[in-house]
A.B. asks: 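Before I ask anything, let me first share the structure, which is written out below as structure tokens.
All values reported here derive from a predicted model rather than from experimental measurement. By convention in this document, chain letters (A, B, ...) are assigned in the order of the sequence lines, proteins followed by strands, and residues within each chain are numbered from 1. Both backbone and side-chain heavy atoms feed into the values below; hydrogens, waters and symmetry mates do not.
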There are 2 protein chains.
Amino acid sequence: MTRPPRTRPTLEEVAARAGVGRGTASRVINGGDKVSARARQAVEEAIEELGYVPNAAARALVTRRTNTVALVIAESEERVFGEPFFAGTIRGIGTALNEADRQLVLLFAQASARRGDLEQYLTRQHVDGVLLLSLHDDDELPDRIRAHGLPVVVGGRPSGGSAVGYVDVDNVQGAELAVAHLVERGRQRIATIAGPADMVAGSSRLQGYVEGLAAADRTLDERLVARGDFGQASGEQAMHALLDRVPDLDAVFCANDLMAAGALRALSDAGRRVPEDVAVVGFEDAPIAASTTPPLTTVHQSPEDMGRAMVEMLLASSTVPAEAPAGRMLSTHLVVRATT
Amino acid sequence: MTRPPRTRPTLEEVAARAGVGRGTASRVINGGDKVSARARQAVEEAIEELGYVPNAAARALVTRRTNTVALVIAESEERVFGEPFFAGTIRGIGTALNEADRQLVLLFAQASARRGDLEQYLTRQHVDGVLLLSLHDDDELPDRIRAHGLPVVVGGRPSGGSAVGYVDVDNVQGAELAVAHLVERGRQRIATIAGPADMVAGSSRLQGYVEGLAAADRTLDERLVARGDFGQASGEQAMHALLDRVPDLDAVFCANDLMAAGALRALSDAGRRVPEDVAVVGFEDAPIAASTTPPLTTVHQSPEDMGRAMVEMLLASSTVPAEAPAGRMLSTHLVVRATT
DNA sequence: GTGAGCAGTGGGAACGCTCCCACATCCACG
DNA sequence: CGTGGATGTGGGAGCGTTCCCACTGCTCAC
């Protein structure tokens, strides 16, 4: 725990070796202009010879910037590493930050005990901004971070009245797209397997389903609405329930691909042909969508784009800090495969 | 890009408000003793009122420590997020660091372009130590980092002559365990499906197989050795090949669970009963091992323990920096399920 | 010939903290 | 009544940068 001895050369030493002043050396390193070619070369040589590496702490102390952005994932490692959605989003964030010359550090917000540490880390001037993913309802974290003056962008629309910027997929528009497609295919009785009502993705996609029907002058039949929990098994169950209630339905829009996969299994069990008897549309365009039998028609959303959009918003909000936090919706499009 | 205005209170302000000196305030914050109860309380109140948060950059500048450890994963996001092994290891690392009051930052070592940035980040005094996971053969990264005086620990034994500390599962011992178990069950013709020869896990487990046979006074029959690439399909192919060559084999040790799952499928196709006709043992005890039919007997390794061990080694190496880098092997044990 | 302007440079000051030394008390002991 | 060791305390120095101002030569226009 003692202070390690200094071993690395300082800017002062580089300057001395190059025979210039500290200011000039600093200008060379930070790509400033107004440096003669001779001085520049001398400094660069000195850096090379001494193996000089700038001290980030000293720099951050004076500039009050770290060029580092934190991505906080409020989810257990297990779930994070299970869902391909996270991988895509992280990749999008990573490349976007890279292009903007920012470093990404990934943090997991774990159980309550750890929360304090996390907040401290974020607040103690380690990062210039924070991206948040997979927040649970009414999590106070974004507001608390914002209270410390740090820019925050949340991935996924927060359900509470939290006044932070967010980026989300336009779930309503996507669901409308799906329903319009089924209508266009001439389907008469379009059912839906909705997600949990307490999740934004669940309620918005149901809302889109309702609005999509309305746009086609169809009336909403409550018996055609079933609920699942976004898991495959729940989709299977819900499909069975729907078939029991309305045996002559001819289409179903599922709020995600996993439930759609379950629905396909249920339809196969029930001896219905897809798409001849019943058409199926999913949401997400997850990897599984391409490998169901038959391959699933689904609403495509791009986690990469979401990541990029989050970064854009964060960087924008740190240059124009006074701006009121806004939301941004990413549009979706339909990928037609073999289930419609 | 301009310097943001200072808005946060400094230690000096806290001290002034509490009516004490800067030194005393610092002592309170850093849990030092030799502070009167009265002064302590005054400082704590001032911190509360002002919402004071220490500036990490300033602290790091003088202490030359950041209490932060980087975990660098040299793998694409896709693969990382696909394999449960990573999740377990990260969790182990996270909890161990947490207990030691260190922060974890996760970095992905991507393509060459990004490598320079990564190295800069690590060496610029952002972190006190580096953990590396999933290095590819002869990666120079650990040596380069060490050259900058940063402690490094690698997960998985490096195949090259790199002089860094590492932690790995004792693959040889695990494979011996598997073979001994099969011998004990009275199996006569024990085959193996080995992993790629250019991966340490592949060659070591094959070595363990050979030594296990020798320990039971069995001679090695080359026809009983097949190769796979750790993928499920390759396990299936290899099993078919083995059955063709040696129809009367009665056991097979697979270098990982995924290949074992493939082998089970092949055995089922070939009409062999497991374990009556052929016993199967895997390696890893991955989640899939519990859900094969029948459930797979396998060598258990713990990614959590590996993560913890890596942290222990890293922290130890930073207190006793002169110590020569060493390796540490984690022992395994057998989990007997229904395939033997 | 003179002054303005500019490219280039050096180095003081400041960033916010920890370390450490000097100093002030206080109590116990001889 | 001193002396000496705890126990607290204040604040100077310094960590390695960047920022900025003052300064030096030049060139060029008038």
A.B. asks: Where do Leu11(B) and Ile29(B) land on the side chain to side chain contact (heavy atoms under 4.5 Å, CB included) test, with the steps shown first?
C.D. replies: CA-CA 10 Å; Leu11(B) 185 59; Ile29(B) 288 164; 3.4 Å; yes
A.B. asks: Do Arg308(B) and Glu99(B) sit within salt-bridge range, that is, some charged N less than 4.0 Å from a carboxylate O?
C.D. replies: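 Looking at Arg308(B) and Glu99(B), the cut-off is met.
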A.B. asks: Using atom CD1 of Ile29(A) as one end and atom P of dG16(D) as the other, report the distance to the nearest whole Å.
C.D. replies: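 Between P of dG16(D) and CD1 of Ile29(A): 14 Å.
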A.B. asks: Whole angstrom is fine here: how far is it from CZ in Arg64(A) over to P in dC15(C)?
C.D. replies: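 Atom CZ in Arg64(A) sits about 7 Å away from atom P in dC15(C).
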A.B. asks: Salt bridge or not for Arg328(A) and Glu312(A), using N-O below 4.0 Å?
C.D. replies: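 Yes, Arg328(A) and Glu312(A) are salt-bridged.
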A.B. asks: What does the list of N/O pairs under 3.5 Å between the protein and nucleotides 9-11 of chain C look like, with a distance for each?
C.D. replies:
unit_1: dT9(C); atom_1: OP1; unit_2: Ser36(A); atom_2: OG; d: 2.6
unit_1: dT9(C); atom_1: OP2; unit_2: Ser36(A); atom_2: N; d: 2.9
unit_1: dG10(C); atom_1: OP2; unit_2: Gly21(A); atom_2: N; d: 2.6
unit_1: dG10(C); atom_1: OP2; unit_2: Thr24(A); atom_2: OG1; d: 3.0
unit_1: dG10(C); atom_1: N7; unit_2: Arg27(A); atom_2: NH2; d: 3.3
unit_1: dG10(C); atom_1: O6; unit_2: Arg27(A); atom_2: NH2; d: 3.1

A.B. asks: To the nearest Å, give me how far apart CD (Gln125(A)) and P (dC17(C)) are.
C.D. replies: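 To the nearest whole Å, that distance equals 10 Å.
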A.B. asks: Side-chain N or O of Ser26(A) less than 4.0 angstrom from OP1 or OP2 on dT17(D)?
C.D. replies: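 For dT17(D), neither OP1 nor OP2 has a side-chain N or O of Ser26(A) closer than 4.0 Å.
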A.B. asks: Without decimals, in angstroms, what is the distance between Leu11(B) CG and dG11(D) C1'?
C.D. replies: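 The answer, rounded to whole Å, is 12 Å.
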A.B. asks: Which whole-number value in Å describes the distance from Arg124(B) CZ to dG16(D) P?
C.D. replies: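 Nearest whole value for this atom pair: 16 Å.
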A.B. asks: Would you indicate, yes or no, if dC15(D) has its OP1 or OP2 atom less than 4.0 angstrom from a side-chain nitrogen or oxygen of Asn55(A)?
C.D. replies: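 The answer is no; no side-chain N or O of Asn55(A) sits under 4.0 Å from OP1 or OP2.
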A.B. asks: Answer whether the closest heavy-atom distance between the side chains of Leu107(B) and Leu71(B) falls below 4.5 Å.
C.D. replies: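 Sidechains of Leu71(B) and Leu107(B): no contact.
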A.B. asks: Strictly distance-based, threshold 3.5 Å: is any side-chain N or O of Asp128(B) a donor or acceptor partner for the main-chain N or O of Thr66(B)?
C.D. replies: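 Yes; at least one donor-acceptor contact below 3.5 Å.
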A.B. asks: Rounding to an integer number of Å, can you tell me how far Arg65(B) CZ sits from dT18(C) P?
C.D. replies: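 After rounding, the gap between these two atoms is 13 Å.
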A.B. asks: Counting only N and O atoms by type, is there a donor-acceptor contact under 3.5 Å from the side chain of Asn67(A) to the main-chain atoms of Arg102(A)?
C.D. replies: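 Answer holds: no.
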A.B. asks: Would you indicate which nucleotide in dG16(D), dC17(C), dC19(C) comes nearest to any side-chain atom of Thr10(A)?
C.D. replies: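 Looking only at side-chain atoms, Thr10(A) lies closest to dG16(D).
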A.B. asks: Take atom CD of Glu13(B) and atom P of dG11(D), then tell me their distance rounded to the nearest Å.
C.D. replies: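 It is 16 Å, rounded to the nearest whole Å.
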A.B. asks: Roughly, in whole Å, what's the span from CG in Asn30(A) to P in dT18(D)?
C.D. replies: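 For the pair Asn30(A) CG and dT18(D) P, the rounded distance is 4 Å.
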A.B. asks: Begin with the C-alpha distance, continue with both residues' side-chain angles, and end with the deciding distance and a verdict on side chain to side chain contact (heavy atoms under 4.5 Å, CB included) for Ile90(A) and Ile73(A).
C.D. replies: CA-CA 10 Å; Ile90(A) 293 176; Ile73(A) 302 189; 3.9 Å; yes
